[in-house]
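Both counts, for ligands and for their atoms, begin at 1 and track the order of listing. Starting from 1, each residue takes its place in the sequence as its number.
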Amino acid sequence: MNLKNNYKNIITKVISKVALITLNRPEVLNALSKDLITDLNDALNIIEHDENLSVIVITGSSKAFAAGADIKEMISKSFIDLVNNDFIKPWEQISFCNKPTIAAVDGYALGGGCELAMMCDLLIANENTKFGQPEINLGVFPAAGGTQRLPKAIGKAKAMDMILTGRMMDAIEAEKLGLVSRILPSEGFIEKVLDIALDISEKSLPALQMAKDAINSSYENTLSQGIVYERRLFRSSFSLEDRKEGMKAFIDKRKAVFKNS
Ligand code: CAA
């Protein structure tokens, strides 16, 4: 099935082997409503199964990547509503995506918006980006993985600071601490992110998938378990035609042409 372009809460675009998803609820700073997440997950499903697409970029507007969970949708929920329906669970789909994902973050990335960005493989920030986990100001705390991924990304001391005070962090501080992969200037921001995505999309998709799988396993495994897993995946990469092509192209002094096989 081809990627649809008639969603209500997101805009989709295909650029060569890259799928660009733009969160599109500007009137509420891309607050993550149930319908937005449903649209996002539908698009992710289609992209994952489309062998012509290799990389996914998620972005928002220049004012906000996303200002978090939709507070107006959340306000009437009770404890038992959350027991019966974990509304955050579907947000996690992107963290299980088997293709490389890039969050191109501009403006506010707050609460669930910051958490969604942290679920992506690369987090590229515009120089104007402001990150924050302000849930504490609402009488709750981050629960889309923020209490787990943020300390892993920036360390306990800074994660406590962010989550207990609810303060915002600019792109420079975020990059210094390791939350952000790169900071790019505002001018031509999304084009520059797409250049990075297009570059990645020219590499062997199975090799990219193995690499991201190995890195993600470092979250769950001890060092020695992780190294055993890495070595198994590395052995598997020697069954790829792309592995032969990549090494042969190096010897032939030409650019490799990968076929994702
Ligand atoms: N949910 C619903 N609506 C939101 C929203 C959100 N998270 N964030 C912004 N909006 C709406 C505002 O209510 C406003 O709508 P109206 O025009 O109808 O009043 C519109 O978007 C524009 O927002 P502001 O007028 O507030 O814009 P601003 O420039 O003055 O401030 C802001 C921008 C600092 C981001 C501010 O909007 C803000 O603090 N937003 C809330 C951020 C937040 O608390 N996020 C955490 C949500 S909880 C969460 O995510 C839970 C979780 O981890 C699972």
Check this for me, if you would: do Glu173 and Lys176 make a salt bridge, where the nitrogen-to-carboxylate-oxygen distance has to be below 4.0 angstrom?
no
Per-atom contact, atom 24 (P) of ligand 1, protein heavy atoms, under 4.0 angstrom:
no
Hydrogens and angles aside, do Ser33 and Asp70 bring a side-chain donor and acceptor to less than 3.5 Å of each other?
no
Which protein non-hydrogen atom lies closest to atom 20 (C) of ligand 1, naming both residue and atom, and how far is it?
Glu27 O, 3.4 Å
Identify whether NZ of Lys or CZ of Arg in Lys77 sits under 6.0 Å from the centre of the six-membered ring of Phe87 and within 45° of that ring's axis.
yes
Counting only nitrogen or oxygen atoms and a 3.5 angstrom limit, does Glu115 reach ligand 1?
yes
N/O donor to acceptor pairs below 3.5 angstrom from side-chain atoms of residues 134-157, sequence neighbours left out:
residue, atom, partner, partner atom, Å
Glu135, OE1, Gln133, NE2, 3.2
Glu135, OE2, Gln133, NE2, 3.1

Given the protein's heavy atoms, is any one of them under 4.0 Å from atom 13 (O) of ligand 1?
yes
Ion pair check, Asp106 and Lys63, cut-off under 4.0 Å:
no
Which is closest to atom 35 (C) of ligand 1 by heavy-atom distance: Leu116, Val140, Leu110?
Leu110
Compute the shortest N/O to N/O distance between Glu135 and ligand 1 and return yes if it is under 3.5 Å, no if not.
yes
Within a distance under 4.0 Å of any heavy atom of Ala31, pick out the atoms of ligand 1 and give their elements.
1 (N), 2 (C), 6 (C)
Between the side chains of Gln225 and Thr222, is a donor N or O closer than 3.5 angstrom to an acceptor N or O?
yes
Work out whether the distance between some heavy atom of Glu73 and some atom of ligand 1 is less than 4.0 Å.
no
Does the side chain of Glu127 come under 3.5 Å of the side chain of Ser186 through a donor N or O and an acceptor N or O?
yes
Less than 4.0 Å is my threshold; does some heavy atom of Gln133 fall inside it relative to ligand 1?
no
SB check Arg167 Asp161 (cutoff 4.0 Å)
yes
Please work out whether any backbone atom (N, CA, C, O) or any side-chain heavy atom from C-beta onward of Ala69 is under 4.0 Å from ligand 1, and answer side chain, backbone, both or neither.
both
Which option, Lys72, Met168, Lys130, owns the non-hydrogen atom nearest atom 15 (O) of ligand 1?
Lys72
Determine whether any protein heavy atom is located less than 4.0 Å from atom 30 (O) of ligand 1.
no
Between Ile71 and ligand 1, does any nitrogen or oxygen pair lie at a separation below 3.5 Å?
yes
Protein non-hydrogen atom below 4.0 angstrom of atom 18 (O) of ligand 1 present:
yes
Touching ligand 1 at all, Ala143? Heavy atoms, strictly under 4.0 Å?
yes
Closest protein heavy atom (residue, atom, distance) for atom 28 (P) of ligand 1:
Lys63 NZ, 3.8 Å
Numbered atoms and elements of ligand 1 in range of Leu138, under 4.0 angstrom, heavy atoms:
44 (O), 47 (C), 48 (S)
Between the side chains of Thr12 and Asn5, is a donor N or O closer than 3.5 angstrom to an acceptor N or O?
no
Thinking salt bridges, do Lys192 and Glu187 make one under a 4.0 Å N-O criterion?
no
Of Gly68, Ala67, Gly107, the one whose closest heavy atom lies nearest atom 45 (N) of ligand 1 is Ala67
Protein contact for atom 39 (O) of ligand 1 (heavy atom, distance under 4.0 Å):
no
Any luck finding a side-chain donor-acceptor pair between Tyr229 and Asp213 under 3.5 Å?
yes
Taking 4.0 Å as the limit for heavy-atom contacts, which would you say applies to Ile88 with ligand 1: side chain only, backbone only, both, or neither?
side chain
Would you check if there is a donor-acceptor pair between the side chains of Asn9 and Asp39 at a distance under 3.5 Å?
yes
How close does the nearest protein non-hydrogen atom get to atom 4 (C) of ligand 1, and which residue and atom is it?
Val28 O, 3.8 Å
Return the residue, atom name and 0.1 Å-rounded distance of the protein heavy atom closest to atom 36 (C) of ligand 1.
Leu29 CD1, 4.6 Å
Taking NZ, NE, NH1 and NH2 as the nitrogens, is one of them in Glu51 or Lys17 under 4.0 Å from a carboxylate oxygen of the other?
no
With distance as the sole criterion, is a donor-acceptor pair present between the side chains of Thr129 and Asn126 under 3.5 Å?
no
At less than 4.0 angstrom from any non-hydrogen atom of Pro134, what atoms of ligand 1 do you find?
43 (C), 44 (O), 45 (N)
